[in-house]
Number of protein chains: 2
Amino acid sequence: MSSSPVLAEVARLAGVSAATASRVLSGRGPASADSRAAVLRAAADLGYVPHPVASRLARGTGTRLLFAVRDRRTDILSDPFVTRAATAMAAATDPDGLGVCLRRLPLDAAAELDRIAADRSVAAVVLAGHDGDLLDHLPTGLRGRFAAIGAGGLDVDSTAGIGALLRHLHTTGRRRIALIGGPPWLAAARAPLHTYTGLMREAGLPIRVVPGDFTTARGRTAARTVLRRWPDTDAIATVSDATALGVLQTLAETGVRVPHDVAVTGFDDVPFAACAVPALSTATHPVELIAAAAAQAALGAAPRDRLFPSRPVLRATA
Amino acid sequence: MSSSPVLAEVARLAGVSAATASRVLSGRGPASADSRAAVLRAAADLGYVPHPVASRLARGTGTRLLFAVRDRRTDILSDPFVTRAATAMAAATDPDGLGVCLRRLPLDAAAELDRIAADRSVAAVVLAGHDGDLLDHLPTGLRGRFAAIGAGGLDVDSTAGIGALLRHLHTTGRRRIALIGGPPWLAAARAPLHTYTGLMREAGLPIRVVPGDFTTARGRTAARTVLRRWPDTDAIATVSDATALGVLQTLAETGVRVPHDVAVTGFDDVPFAACAVPALSTATHPVELIAAAAAQAALGAAPRDRLFPSRPVLRATA
DNA sequence: CTGTTAGCGCGTTCAT
DNA sequence: ATGAACGCGCTAACAG
């Protein structure tokens with residue numbers, strides 16, 4: 001069996017030069033209707049598929065999309081959001097002949113970002129977990145081949161999602177609502193916090209905030225903190241399902257009834273949120289879509305949307 | 001600032017030809033101690049890093065690792081096992097300049113596998129969800145750059161894991177143990193089934209098997225089936241945490257007390273298993289390790305282990 | 001609009 | 001053991 005046909009064979013069959021065939025097939029550069037048709041036919045006849053590696057070497061672009069996740073936790077790469085997003089990117093870039101690689105970045109990621117910018121195998125970078133400063137000081141080498149997930153980049157409309165949940169809590173009679181937020185170094189954590197304080201002020205309700213880090217363990221301890229500092233709390237909102245599940249554990253252990261005594265809301269709608277007991281009320285958003293869009297944006301496609309909807313899902317905890 | 005140094009510059013600085021420099025740096029081919037030292041020094045001085053894309057084009061090997069998941073479900077790519085494994089591979093192959101791409105394969109995957117074998121951008125393939133037949137009829141083009149996860153490849157020692165859980169059920173007095181197994185078309189589903197029937201026979205206990213598919217939804221319906229067909233069942237073992245969580249839901253709705261009336265065991269130890277109510281007893285195994293090992297094996301490294309431990313984690317449901 | 005000529009950066013014969 | 005030359009497959013710059 002003959003090996004895969006190469007561009008030169010297509011060109012010969014079409015009766016044109018390799019350059020013309022390349023121009024037609026890659027869609028960049030002029031070509032007459034005649035040669036276009038001839039090349040396309042020849043390519044189809046031969047079952048030609050361009051060699052992504054050769055193409056990208058010639059073009060000087062890399063062959064992989066780097067998903068960089070900045071976080072303090074060293075186990076962040078097993079976070080459900082990260083695994084879902086990385087997987088979605090790997091599926092989304094497959095048709096382009098690209099692959100995805102994954103790397104954790106420490107909080108001071110500047111040096112590592114420089115190294116990434118110099119890595120010629122990296123076609124583009126998607127960054128999650130940034131703070132504002134990092135986005136302002138991106139290596140110039142990353143211009144045009146970079147996208148961020150979170151505040152300032154492609155983001156979940158957390159204002160809408162968290163806002164809807166908080167309003168629901170208020171509507172159903174909750175008046176002492178605590179928030180377990182995100183880590184302070186994370187840009188994407190500011191919007192939910194802002195939404196919360198805004199709504200509480202507007203409603204004349206007390207502000208009760210404890211920082212979190214998207215883990216279940218922290219959810220457990222944060223819930224303890226809330227109960228200790230504000231024993232009359234009647235609702236705990238969080239910015240992460242994992243955190244909310246930790247909260248549920250603590251409340252169960254403490255004998256606090258959910259939602260009777262305290263209502264709880266999560267954020268993300270992880271696959272198992274519906275399996276929690278009581279089933280977790282949360283907000284759902286298209287993580288896979290966002291990840292795929294971020295990948296496309298980093299690779300140069302004009303992003304269709306920058307803000308993705310977050311819709312409340314009311315189950316049993318609120 | 002000058003762009004990344006290339007091989008030719010290293011060679012010039014070392015006073016040798018590019019060919020020699022290549023031989024030294026890639027480690028294949030002869031080289032005198034003198035030139036070796038000179039080349040290594042020059043490379044270090046210049047901070048030389050080989051261009052993975054150029055290297056792989058010249059060598060004819062691809063630039064990405066394809067993780068192919070064969071399954072009937074079209075949403076299999078959001079299965080927790082898949083997302084965890086894909087993510088682990090993307091992190092593991094990062095240092096090699098490779099990326100990971102992900103693709104679902106239908107049950108009759110032969111044609112697609114041929115296409116994959118012909119894709120010159122694919123360095124190697126990791127396959128999950130195979131049946132025995134598929135492994136026997138692999139495209140020859142995949143020889144030496146292929147690894148399978150599951151029976152016949154790198155696998156979880158499910159015999160040990162499931163066996164330990166079943167023995168625990170027996171030890172704690174359960175005598176009418178049902179199993180919700182895996183789908184029939186999956187090679188990796190046979191071992192647990194075999195373990196189950198063997199142990200039940202040995203103990204003189206009845207065989208009660210319902211097929212599953214690793215989803216929570218199926219866990220719910222399968223549990224109903226079990227309760228209807230064998231109302232005196234006092235334990236339900238599963239081969240997937242997602243399924244076990246579905247079982248827990250059905251039992252809760254039906255008013256069956258866990259573990260008092262019916263014990264339940266899962267398999268995989270997903271992050272959420274500990275948060276279930278009651279907390280799920282299951283078996284844990286190093287998914288990330290397995291995935292990374294499979295990636296290395298596919299890329300040609302001799303795998304250190306083929307069977308990975310599965311250790312029971314007894315929480316509240318059994 | 002098209003073909004020719006040079007690369008992209010590295011691996012690998014083949015002489016020497 | 002070493003270097004010159006060529007090849008991997010495609011794209012970009014340049015004439016025409």
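What you see below is based on every heavy atom in this structure, not just the backbone, and it leaves out hydrogens, waters and symmetry mates. Naming: A, B, ... by sequence-line order, numbering from 1 per chain. From a predicted model like this one, the values you see are computed outputs, not experimental measurements.
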inquiry  = Using OP1 and OP2 only, check whether a side-chain N or O of B:T20 sits under 4.0 Å from D:dA1.
reply    =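 For D:dA1, neither OP1 nor OP2 has a side-chain N or O of B:T20 closer than 4.0 Å.
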inquiry  = Please encode protein proximity along nucleotides 11-16 of chain D as a string of B, S and -, counting only heavy-atom distances under 4.0 Å.
reply    = BBB---
inquiry  = Can a side-chain donor-acceptor contact be found between B:S32 and B:D34 if the only test is distance below 3.5 angstrom?
reply    =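 Absent: no donor and acceptor within the cut-off.
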request  = Assess the side chains of B:R84 and A:T83: does a donor N or O sit below 3.5 Å from an acceptor N or O?
outcome  =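 Per modelled atom types, B:R84 and A:T83 side chains form no pair under 3.5 Å.
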message = What I want to find out is whether B:R12 reaches B:E9 closely enough, with some N-O distance under 4.0 Å, to be called a salt bridge.
response =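 Not counted as a salt bridge, because no side-chain N and carboxylate O are separated by less than 4.0 Å.
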ask   = Salt-bridged, A:R64 to A:D119, with N to O below 4.0 Å?
value =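 Salt bridge between A:R64 and A:D119, a charged N being under 4.0 Å from a carboxylate O: yes.
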key: Residue closer to the 5' end of DNA chain D, A:V49 versus B:S32 (nearest nucleotide)   =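 It is B:S32, whose closest nucleotide lies nearer the 5' terminus.
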query = If you draw a 6.0 Å radius around CZ in B:R59, do more than 12 non-hydrogen atoms from other residues or ligands fall strictly inside?
reply =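 Counting neighbours around CZ of B:R59, more than 12 heavy atoms of other residues, nucleotides or ligands fall under 6.0 Å, so yes.
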request  = Could you check which of C:dC1, D:dT2, C:dC8 has an atom nearest any side-chain atom of A:L57?
outcome  =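 Between C:dC1, D:dT2, C:dC8, the one nearest the side chain of A:L57 would be C:dC8.
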task = Choose from C:dC10, C:dT4, D:dG3 the nucleotide whose nearest atom is closest to any side-chain atom of A:S17.
result =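 Within the option list, the nearest is C:dT4.
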query = How long is the line joining CZ of A:R120 and C1' of C:dG9, in whole Å?
reply =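 After rounding, the gap between these two atoms is 8 Å.
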inquiry  = Rounded to whole Å, how long is the line connecting atom NE2 of B:H51 with atom P of C:dG11?
reply    =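 It works out to 12 Å between those atoms.
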inquiry  = Quick check for you: to the nearest 0.5 Å, what is the distance between B:L7 atom CG and B:H51 atom NE2?
reply    =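 Here the interatomic distance stands at 12.5 Å.
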ask   = Across the strands shown, which category fits B:V16 at heavy-atom distances under 4.0 angstrom: base, sugar-phosphate, nothing?
value =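 Sugar-phosphate contact only.
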